[in-house]
Amino acid sequence: MHTVVLTKGVPDFREGQVSFDDDGHLERGKTPTVMNPNDRHALRAALQTKVRNGGTVSLMSMGPPGYMEVLQEGMRDVYADDLYLLSDREMGAADTWATAMTVATGIQKLADPPDLVFAGFKTADGETGHTGPQTEWCLDMPLVTHVISLDIAEDEGILRAKRLVEGDVEEIETVEAPLPAFVVADPEFEPTYRRADHRLRHKDLRETAGDRADEFGEYLDDGSDLDPTDWDRFTMWDHAALNLDPDYIGLDGSPTIVAGVDPIPKAPSEREATVVDPNDDAAMGGVVEELAPYAGGD
């Protein structure tokens, strides 16, 4: 069983971490990059598959060299075996379609074709939810979205999944799909390890994956003479290695453009906290007075 998980580095949108220039554009150089939060659900689904069914997990991302640290973090989380980064300037500023084209080509170049590809349901920066399904379209695999639980029957060559169907009333649907298949994990996905051998395997995998992630970290350390591309579990491909025409990837290959970006509103600066001693009856009386109108529904 070979599983591929797609992950992406996104700006750290926590308060105080995001920087914008005078024109309101995001300053990526001054904003820390973190793993896309929704990718963690895909990682958890892939980890469950590895614990229950064995096999190997590969992580793949498209982005600048700085995404190697995101891959290292993902390796530790999903107990991944191999890391792939698709990276060069020709791939930069890609929209979801150009990204999907590039990532699908990377998956097709793998020496071991995957039985399963996992993706998170949307990214924290674009929030379109397009890239996963568009990548699946390029790969021509069955697609199952909003998956909240998953079982793989290797001997039958199928997956069985429960997925959320959103509408006037939220429903849970049970589906089957033949392998290989593409799975988009929902934030409600919960891995389960009911059997003792699964829990023991989970423990063993955590230790070996931790060692692998630490080893990759030695290649990433500043000042190290080690080049990450020398590590036999890390592969970086540029557009030439993927045999991709620059006219069809990156900004040139993107049929959509970003018309504008709205900065994240800051918390009102006029709000100030007042420390009140709970043993000070007069002060506490003032607090009750302040809250009384709200308790009355005003």
Side-chain angles (χ1 to χ4, degrees), residues 1-10 33-63 67-87 96 99-100 102-124 129-136 138-139 141-152 159 161 177 179-191 202 205-206 208-210 212-213 216 233-237:
M1 176 70 63
H2 181 205
T3 298
V4 173
V5 188
L6 305 180
T7 188
K8 182 186 179 186
V10 297
T33 298
V34 297
M35 178 186 293
N36 176 46
N38 281 315
D39 292 346
R40 295 196 181 281
H41 309 299
L43 295 175
R44 293 163 73 190
L47 175 57
Q48 177 191 278
T49 302
K50 181 170 183 175
V51 170
R52 289 186 180 185
N53 300 84
T56 57
V57 174
S58 300
L59 287 188
M60 181 177 288
S61 186
M62 188 190 93
Y67 280 22
M68 285 187 281
E69 293 184 359
V70 174
L71 287 174
Q72 183 203 19
E73 182 183 349
M75 168 172 265
R76 196 183 299 278
D77 285 356
V78 76
Y79 311 164
D81 300 272
D82 300 293
L83 307 177
Y84 292 86
L85 181 62
L86 317 180
S87 180
T96 59
T99 300
T102 306
V103 171
T105 304
I107 293 172
Q108 290 167 329
K109 186 176 171 64
L110 294 172
D112 181 14
D115 301 289
L116 279 168
V117 180
F118 287 99
F121 87 113
K122 63 182 180 180
T123 57
H130 294 171
T131 305
Q134 288 175 334
T135 304
E136 171 275 333
C138 295
L139 295 170
M141 287 179 172
L143 171 67
V144 187
T145 59
H146 289 287
V147 170
I148 59 173
S149 70
L150 183 68
D151 285 299
I152 307 298
L159 68 81
L179 301 176
F182 197 107
V183 173
V184 177
D186 189 88
E188 298 295 324
F189 183 90
E190 285 294 337
H202 189 280
L205 288 174
R206 180 170 61 239
T208 55
R212 275 200 296 273
F216 189 45
R233 292 184 178 275
F234 174 69
T235 301
M236 185 184 291
W237 285 325

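As the structure is a computational prediction, the values presented were derived from the model and not from experiment. The first residue in the sequence is number 1, and the count goes up from there. FYI, side chains are in, hydrogens and waters are out, and symmetry mates aren't considered; it's all heavy atoms of this structure.
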Q) Hey, are the side chains of V117 and P180 touching, using non-hydrogen atoms and a 4.5 Å cut-off? A) no

Checklist entry - Can you tell if the side chain of V34 reaches within under 4.5 Å of the side chain of V10, non-hydrogen atoms only? => result yes

For S87 and G63, the nearest pair of non-hydrogen atoms, with its separation, is OG-O, 2.7 Å

A side-chain contact here means heavy atoms from C-beta on lying under 4.5 Å apart; do T235 and D82 qualify?
no

One should read off an interatomic distance between T7 OG1 and D77 CG, to the nearest 0.5 angstrom, of 9.0 Å

One should read off an interatomic distance between K8 NZ and T131 OG1, to the nearest 0.5 angstrom, of 6.5 Å

| message | When you measure from the side chain of D81 to the backbone of V57, do you find a donor-acceptor pair of N or O atoms at a distance under 3.5 Å? | response | yes

Flag side-chain contact, heavy atom, 4.5 Å: N53 against T3:
no

Q: Report the C-alpha separation of L110 and Y84 in whole Å, then their side-chain angles, then the decisive distance to 0.1 Å, and conclude whether the side chain to side chain contact (heavy atoms under 4.5 Å, CB included) test is met.
A: CA-CA 10 Å; L110 294 172; Y84 292 86; 3.4 Å; yes

In terms of heavy-atom contacts, S58 and H2 come closest through OG-NE2, 2.8 Å

- request: Verify the ring-centre separation between H202 and Y79: is it less than 6.0 angstrom?
  value: yes

If you define the side chain from C-beta out and look only at heavy atoms, does anything of I107 sit under 4.5 Å from C138? no

Interatomic distance, CZ@F189 vs NE2@H41, rounded to 0.5 Å, equals 11.0 Å

All heavy atoms of P114 vs all of V4, minimum pair found to be CB-CG2, 3.7 Å

Taking only distance into account, with no hydrogens and no angle test, what donor-acceptor pairs under 3.5 Å do side-chain atoms of residues 42-49 form with protein atoms, sequence neighbours excluded?
{"from": "R44", "atom 1": "NH2", "to": "E190", "atom 2": "OE1", "distance (Å)": "3.3"}
{"from": "Q48", "atom 1": "OE1", "to": "T192", "atom 2": "N", "distance (Å)": "3.0"}
{"from": "Q48", "atom 1": "NE2", "to": "L150", "atom 2": "O", "distance (Å)": "2.9"}
{"from": "T49", "atom 1": "OG1", "to": "A45", "atom 2": "O", "distance (Å)": "3.0"}

On a heavy-atom basis, the closest approach of M1 and D115 is CA-OD2, 3.3 Å

Taken to the nearest 0.5 Å, the spacing of M60 CE from L85 CG works out to 9.5 Å

For V144 and A161, the nearest pair of non-hydrogen atoms, with its separation, is CG1-CB, 4.3 Å

Please examine the side chains of L83 and Y67, heavy atoms only from C-beta on, and report whether any two atoms are closer than 4.5 Å. no

To the nearest 0.5 Å, atom CZ of F182 lies from atom OG1 of T145 at 11.0 Å

Between the NE2 atom in H130 and the OG1 atom in T99, the distance rounded to the nearest 0.5 Å is 12.5 Å

Between L71 and L59, the two heavy atoms sitting closest are O-CD1, 3.6 Å

ask   = Any side-chain heavy atom of R52 sitting closer than 4.5 Å to one from D151?
value = yes

